[in-house]
Participant: 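Starting off with a structure, shown below.
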Amino acid sequence: MGNSEKKAAGWKEKVRHEFIEYWINVIYLTLVFASFTVHQRLVLAAYDITYTNYGFAVIEALVLGKVIMIGDALHLGRGFEAKPLIYPTLYKTIVFTIFVGIFKIIEHAIIVLWNGGAVTEVMVEFSEQWLLEVIANSLVVFVAFIPFFAVKEIGRVLGKEKVRRLFFRKRDDL
């Protein structure tokens with residue numbers, strides 16, 4: 001196999017790996033956000049308010065799945081790898097929660113500016129409305145990221161293939 005063929009095979013494998021990683025992130029986040037959407041629907045139903053915004057969970061998961069991939073490519077949350085797994089897990093959870101919070105603020109600002117709002121309007125809406133929304137969203141993301149990054153850290157230490165076998169194969173196949 002020539003050098004150019006090895007590069008092409010390596011490139012294809014990297015794209016395949018990134019694609020699979022992205023969809024694992026999206027599926028997990030969709031399940032988390034969908035559960036909160038169902039909860040919100042049930043709470044609002046008690047007050048005779050109809051809420052059927054299930055598409056939000058999928059769209060939010062698609063966007064955040066990519067945000068996580070970008071953060072990972074920027075090496076966010078690296079550190080504490082030699083410490084017990086609780087340290088890198090919580091560190092990555094905190095760093096990525098902040099990263100997602102910053103992304104949400106930028107996203108809201110772009111929407112206001114796109115709809116013809118001024119920069120001052122962005123600041124006013126943030127202080128009056130978005131701040132609490134970003135805090136609530138960040139709390140949900142923080143809690144969702146703990147098991148997410150715990151499994152990723154276990155995979156980093158034990159190897160992704162071993163973790164995959166532990167979750168998806170019979171015990172006697174190990």
Side-chain angles (χ1 to χ4, degrees), residues 16-74 76-78 80 84-112 114 125-171:
R16 182 182 162 284
H17 169 74
E18 295 288 326
F19 183 79
I20 291 169
E21 189 81 18
Y22 173 72
W23 284 105
I24 289 170
N25 294 347
V26 168
I27 290 167
Y28 175 77
L29 292 170
T30 299
L31 292 172
V32 169
F33 294 139
S35 67
F36 280 101
T37 301
V38 169
H39 176 265
Q40 189 173 14
R41 180 188 138 334
L42 294 174
V43 168
L44 291 173
Y47 297 98
D48 292 326
I49 299 171
T50 303
Y51 184 80
T52 58
N53 197 4
Y54 292 105
F56 169 78
V58 175
I59 292 169
E60 190 77 5
L62 289 167
V63 172
L64 287 185
K66 192 60 184 172
V67 170
I68 291 169
M69 300 285 291
I70 291 168
D72 199 37
L74 295 173
L76 292 182
R78 297 285 161 89
F80 303 105
L85 287 180
I86 190 69
Y87 293 107
T89 298
L90 290 178
Y91 182 66
K92 285 183 180 183
T93 298
I94 291 166
V95 168
F96 274 83
T97 298
I98 292 168
F99 186 59
V100 167
I102 291 168
F103 178 81
K104 292 297 288 179
I105 291 168
I106 293 169
E107 179 185 32
H108 282 299
I110 290 171
I111 290 170
V112 169
W114 181 269
E125 281 196 32
F126 177 75
S127 64
E128 291 178 353
Q129 182 179 351
W130 299 344
L131 182 61
L132 294 176
E133 183 181 331
V134 169
I135 290 171
N137 184 279
S138 295
L139 179 62
V140 169
V141 168
F142 178 80
V143 171
F145 276 174
I146 293 172
F148 180 79
F149 284 115
V151 170
K152 283 188 175 282
E153 286 301 300
I154 291 169
R156 181 183 59 80
V157 171
L158 297 178
K160 290 182 180 181
E161 188 55 40
K162 184 166 187 166
V163 172
R164 196 171 295 127
R165 283 194 322 263
L166 286 169
F167 275 98
F168 299 109
R169 300 264 164 87
K170 289 182 182 178
R171 294 288 185 248

Participant: Under the side-chain hydrogen bond (donor to acceptor under 3.5 Å, both in side chains) test, which residues partner E60, sequence neighbours left out?
Facilitator: K104
Participant: Would you please name every residue forming a salt bridge (Lys or Arg N to Asp or Glu O under 4.0 Å) with K66, sequence neighbours left out?
Facilitator: none
Participant: Could you report the tightest heavy-atom contact between V32 and A144, atom names first, then the distance?
Facilitator: CG1-CB, 3.6 Å
Participant: Who are the side chain to side chain contact (heavy atoms under 4.5 Å, CB included) partners of L132, not counting sequence neighbours?
Facilitator: none
Participant: Hey, are the side chains of E21 and I68 touching, using non-hydrogen atoms and a 4.5 Å cut-off?
Facilitator: no
Participant: Output all residues satisfying side-chain hydrogen bond (donor to acceptor under 3.5 Å, both in side chains) with D72, sequence neighbours left out; order by chain, then residue number.
Facilitator: R78
Participant: How about OH on Y87, more than 12 heavy atoms from neighbouring residues, nucleotides or ligands closer than 6.0 Å, or not?
Facilitator: no
Participant: Show the nearest heavy-atom pair for residues S138 and G101, with the distance to one decimal.
Facilitator: OG-CA, 4.1 Å
Participant: May I have all residue pairs that pass salt bridge (charged side-chain N to carboxylate O under 4.0 Å, His left out) and include part of residues 22-37, sequence neighbours excluded?
Facilitator: none
Participant: A34 and A57: which non-hydrogen atoms are nearest, and at how many Å?
Facilitator: N-CB, 3.5 Å
Participant: Nearest heavy-atom pair of T89 and I146: which atoms, and what distance?
Facilitator: CG2-O, 3.6 Å
Participant: Exactly one of V100, I102, L29 should register a side-chain contact (heavy atoms from CB on, under 4.5 Å) with V67. Which one does?
Facilitator: V100
Participant: So, taking the atom named CG in L90 and the one named CG in L85, what distance separates them when rounded to the nearest 0.5 Å?
Facilitator: 10.5 Å
Participant: Rounded to the nearest 0.5 Å, how far apart are CE of M69 and CG of L74?
Facilitator: 12.0 Å
Participant: Side chain to side chain contact (heavy atoms under 4.5 Å, CB included), that's the test. Do F33 and L64 meet it? Break it down for me.
Facilitator: CA-CA 11 Å; F33 294 139; L64 287 185; 3.4 Å; yes
Participant: Does the side chain of L139 reach to within under 4.5 Å of the side chain of I135, using non-hydrogen atoms?
Facilitator: no
Participant: Got a sec, which residues hit ring-ring contact (aromatic ring centres under 6.0 Å, His included) with F80, two or more places apart in sequence or on another chain?
Facilitator: Y91
Participant: With sequence neighbours left out, write down each residue that passes side chain to side chain contact (heavy atoms under 4.5 Å, CB included) with L42, or none if nothing qualifies.
Facilitator: V38
Participant: Report the residues that fulfil side chain to side chain contact (heavy atoms under 4.5 Å, CB included) with R164, sequence neighbours left out, ordered by chain and then residue number.
Facilitator: K160, E161, F168
Participant: What residues, two or more places apart in sequence or in another chain, satisfy side chain to side chain contact (heavy atoms under 4.5 Å, CB included) together with L62?
Facilitator: Y22, W23, V26, V58
Participant: Which residue pairs pass the salt bridge (charged side-chain N to carboxylate O under 4.0 Å, His left out) test when at least one of the two sits in residues 37-56, sequence neighbours left out?
Facilitator: none
Participant: If a pair satisfies ring-ring contact (aromatic ring centres under 6.0 Å, His included) and one of its residues is in residues 131-165, list it, with sequence neighbours excluded.
Facilitator: Y28-F148, F96-F149, F145-F148, F145-F149
Participant: Roughly how far, to the nearest 0.5 Å, is the CG atom of N25 from the NZ atom of K152?
Facilitator: 4.5 Å
Participant: Could you measure the distance from the CZ atom of F56 to the CZ atom of F36? Nearest 0.5 Å is fine.
Facilitator: 11.5 Å
Participant: Which value, rounded to the nearest 0.5 Å, describes the distance between I111 atom CD1 and I106 atom CD1?
Facilitator: 12.5 Å
Participant: Looking at every heavy atom in both A61 and T30, which two are closest together, and how far apart are they?
Facilitator: CB-OG1, 3.0 Å
